[in-house]
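Everything on this sheet refers to the single structure shown next.
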Amino acid sequence: IGGFGRVHKADWPGFGEVAVKIILMNSDISSEIANELAAMQLMADDPHFVRLHHAQMSSLETVVVVMDYLKGEDGNKFFQRLSRNGVIVPPKIMAAVTRHLLLGLKALHTRGLIHTDLKPANLFISADGQVKILDLGLVRHLDNPLECGWKAGTTCYAGPEMADRKLSMNESSDVWT
């Protein structure tokens, strides 16, 4: 659920440790939040995505989201830690991360979705080496890639079709990033 809201660690009976995100809604983010929750629900059974347990509007301005609690670090921190002092990230580790990422993208694309904002900060590498794809707020349906309004992902990671609104986004848009 991107940078919106505050996240708390909690114990939930039957699930154990979970992350509880409290999101203060406004009209600027409501479609993105709804889009992300729908995508999280669709991807909940895939091991390359964070599992959504529960989402509920607690008031007109607040949404409470309960999802798996992840132990590890985001891709930015992971790659920075491994490449300190100019050392290249070991190829074996890069291959494993890439494999998990591609399996997650395959699952997303199989369900007719594209991410549109892949970048290291939107990956999470768990303590046991699993890779989770995060931040599904800009996910698009392949049959209608502009349905949520045109928003490019992060400019420096965006493919050419994201910069040129006349081109259609597709699975290769995710691979480009």
Side-chain angles (χ1 to χ4, degrees), residues 1-5 7 19 21 23 25-55 63 65-70 72-80 89 93-126 129-177:
I1 309 278
F4 307 123
V7 180
K21 186 152 195 172
I23 303 166
M25 297 293 287
N26 66 52
S27 59
D28 294 338
I29 65 168
S30 61
S31 66
E32 237 176 90
I33 298 300
N35 191 50
E36 180 157 17
L37 290 173
M40 284 179 76
Q41 197 167 32
L42 192 61
M43 301 308 299
D45 65 339
D46 189 278
H48 301 97
F49 294 85
V50 179
R51 188 171 44 166
L52 174 67
H53 295 291
H54 180 77
V63 175
V65 179
V66 180
M67 57 193 137
D68 283 346
Y69 177 76
L70 301 177
E73 56 197 346
D74 73 38
N76 277 341
K77 291 177 185 165
F78 178 79
F79 293 119
Q80 286 172 0
V89 176
I93 291 174
M94 282 303 300
V97 169
T98 302
R99 179 180 176 277
H100 284 284
L101 173 59
L102 291 175
L103 288 169
L105 286 177
K106 181 179 179 183
L108 191 70
H109 297 160
T110 298
R111 289 172 175 89
L113 302 173
I114 51 176
H115 190 282
T116 78
D117 193 25
L118 284 174
K119 58 187 177 184
N122 286 342
L123 299 178
F124 193 90
I125 294 84
S126 67
Q130 295 295 310
V131 176
K132 304 277 187 183
I133 298 172
L134 307 175
D135 196 357
L136 303 178
L138 296 179
V139 161
R140 302 287 186 269
H141 291 272
L142 284 166
D143 58 351
N144 189 4
L146 302 181
E147 71 178 38
C148 296
W150 191 88
K151 289 184 184 177
T154 305
T155 305
C156 64
Y157 294 100
E161 65 279 10
M162 291 183 193
D164 183 348
R165 295 180 186 205
K166 296 174 190 152
L167 299 174
S168 291
M169 290 186 276
N170 58 37
E171 296 95 329
S172 65
S173 304
D174 283 340
V175 176
W176 171 274
T177 58

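For clarity, every value in this text was computed on a predicted model and none was experimentally measured.
With contacts defined as side-chain heavy-atom distances shorter than 4.5 Å, the pair I33/V65 does not qualify. Two residues are said to be in side-chain contact when any heavy atoms from C-beta on lie closer than 4.5 Å; Q130 and I125 fail this criterion. Between V89 and V97 there is no side-chain heavy-atom pair separated by less than 4.5 Å. The side-chain heavy atoms of L113 and H141, taken from C-beta on, include a pair separated by under 4.5 Å. When side chains are defined from C-beta on, M94 counts as touching F79, because their heavy atoms get closer than 4.5 Å. Side-chain contact between D68 and H53 is present, with at least one heavy-atom pair separated by less than 4.5 Å. In this structure the side chain of I114 reaches within 4.5 angstrom of the side chain of H109, judged on heavy atoms.
Atom CZ of R99 is surrounded by 12 or fewer heavy atoms from other residues, nucleotides or ligands within 6.0 Å.
When all heavy atoms of D117 and N122 are compared, the closest pair comes out as O-ND2, 2.7 Å. Nearest approach of N76 to P120, heavy atoms of both residues: OD1-CB, 3.1 Å. Of all heavy-atom pairs spanning V50 and K132, the tightest one is N-CD, 4.3 Å. H115 approaches D135 most closely through the heavy-atom pair NE2-O, 3.0 Å. Listed here is the closest heavy atom pair of L136 and E36: N-OE2, 3.0 Å.
D74 CG to L134 CG: the interatomic distance, rounded to the nearest 0.5 Å, is 8.0 Å. Interatomic distance, CZ of F124 versus CD1 of I133, reported as 14.0 Å (0.5 Å rounding). Rounded to the nearest 0.5 Å, atoms CG (L103) and NE2 (H48) are 4.5 Å apart. Atoms CZ and CE, on R51 and M40 in that order, are 11.0 Å from each other to the nearest 0.5 Å. Note that CZ of R111 is 6.0 Å distant from CG of L42, once rounded to the nearest 0.5 Å.
We find that D46 and K106 are not joined by a salt bridge, their nearest charged nitrogen and carboxylate oxygen being 4.0 Å or further apart.
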